[in-house]
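What follows is a single structure, written as structure tokens, with notes after it.
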Amino acid sequence: MTNPWLEISPNDYESHMASPEVRQLQALNKIFRNCLTKLKPKSVAILGCCTGNGFEHIDPSITERVVGIDINPKFLSITMDRFSFSIPNLELLEFDISNDELEIQPVDLVFGALIFEYVDIEKGRANIRKILKPGGHFVACLQMPSESCSVVTPTPYKSLEKLTQICH
Ligand SMILES: C[S@@+](CC[C@H](N)C(=O)[O-])C[C@H]1O[C@@H](n2cnc3c(N)ncnc32)[C@H](O)[C@@H]1O
């Protein structure tokens, strides 16, 4: 089965996530901004960086190295177009954290928001251990199960509905 994330366009993703029914794009943006403000990392890896939500809060004079990782090359291409000028050392990796072995210089902060619902946790954890500096921080944002909401909130952006099959 093709990973459903590879069949979602950047426009569908952002429109769904920012829609009034979902509003997760706005919430994740704030969470990432708060992490940067609090931890002031010299280097950060963002797992499932998607189209660079929150990257506008990165201050390159504080955070000198930024590594964005995502399985979907279309998302990474948008991130590069949007942020390569404001973040001079932006590194973007097309990478499946459930299957591949991450080989990057360790970082001070590993941030992953709403990605662990879709990956192999053991493989993901092994990858995080490899790329986190001793004494560094790992921040995860998880969507908890809910009896009142469906896993993927219905919106006009139907391509996201297939995520229900792989979300855990
Ligand atoms: C819900 S989005 C993340 C939201 C993002 N942090 C934000 O603030 O908009 C999940 C992201 O993880 C990526 N992803 C899903 N499975 C992945 C995997 N196995 N390896 C790498 N990235 C993956 C998807 O392509 C998507 O960009």
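Everything numeric in this text was worked out from a predicted model, so none of it was measured. Indexing begins at 1, ligand by ligand and atom by atom, following the structure's order.
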Original post:
With sequence neighbours left out, what residues match Asp108 under side chain to side chain contact (heavy atoms under 4.5 Å, CB included)?
Top reply: Pro41, Lys42, Ser43, Lys133
**OP:** Please list, chain by chain and in numerical order, all residues satisfying side chain to side chain contact (heavy atoms under 4.5 Å, CB included) with Ala126, sequence neighbours excluded.
**Re:** none
Original post:
Checking Glu94 side chain against Asp70 main chain: does a donor-acceptor pair fall under 3.5 Å?
Top reply: no
Original post:
For the side chain of His16 and the backbone of Tyr157, is there at least one donor-acceptor N/O pair under 3.5 Å apart?
Top reply: no
Subject >> Inter- and intrachain pairs under ring-ring contact (aromatic ring centres under 6.0 Å, His included), touching residues 67-88, at least two apart >> reply: Tyr13-Phe75, Phe55-Phe83
**OP:** Spell out, yes or no, whether Ile71 and Ile115 are grouped together once hydrophobic residues are joined by side-chain heavy atoms under 4.5 Å, including indirect joins.
**Re:** no
Could you give the N/O to N/O pairs under 3.5 Å linking ligand 1 and the protein, each with its distance?
{"unit_1": "ligand 1", "atom_1": "6 (N)", "unit_2": "Gly48", "atom_2": "O", "d": "3.4"}
{"unit_1": "ligand 1", "atom_1": "6 (N)", "unit_2": "Ala113", "atom_2": "O", "d": "3.3"}
{"unit_1": "ligand 1", "atom_1": "8 (O)", "unit_2": "Asn53", "atom_2": "ND2", "d": "3.0"}
{"unit_1": "ligand 1", "atom_1": "9 (O)", "unit_2": "Tyr13", "atom_2": "OH", "d": "2.8"}
{"unit_1": "ligand 1", "atom_1": "19 (N)", "unit_2": "Asp96", "atom_2": "OD1", "d": "2.7"}
{"unit_1": "ligand 1", "atom_1": "20 (N)", "unit_2": "Phe95", "atom_2": "O", "d": "3.4"}
{"unit_1": "ligand 1", "atom_1": "20 (N)", "unit_2": "Ile97", "atom_2": "N", "d": "2.9"}
{"unit_1": "ligand 1", "atom_1": "22 (N)", "unit_2": "Ile71", "atom_2": "N", "d": "3.2"}
{"unit_1": "ligand 1", "atom_1": "25 (O)", "unit_2": "Asp70", "atom_2": "OD1", "d": "2.6"}
{"unit_1": "ligand 1", "atom_1": "27 (O)", "unit_2": "Asp70", "atom_2": "OD1", "d": "3.4"}
{"unit_1": "ligand 1", "atom_1": "27 (O)", "unit_2": "Asp70", "atom_2": "OD2", "d": "2.6"}

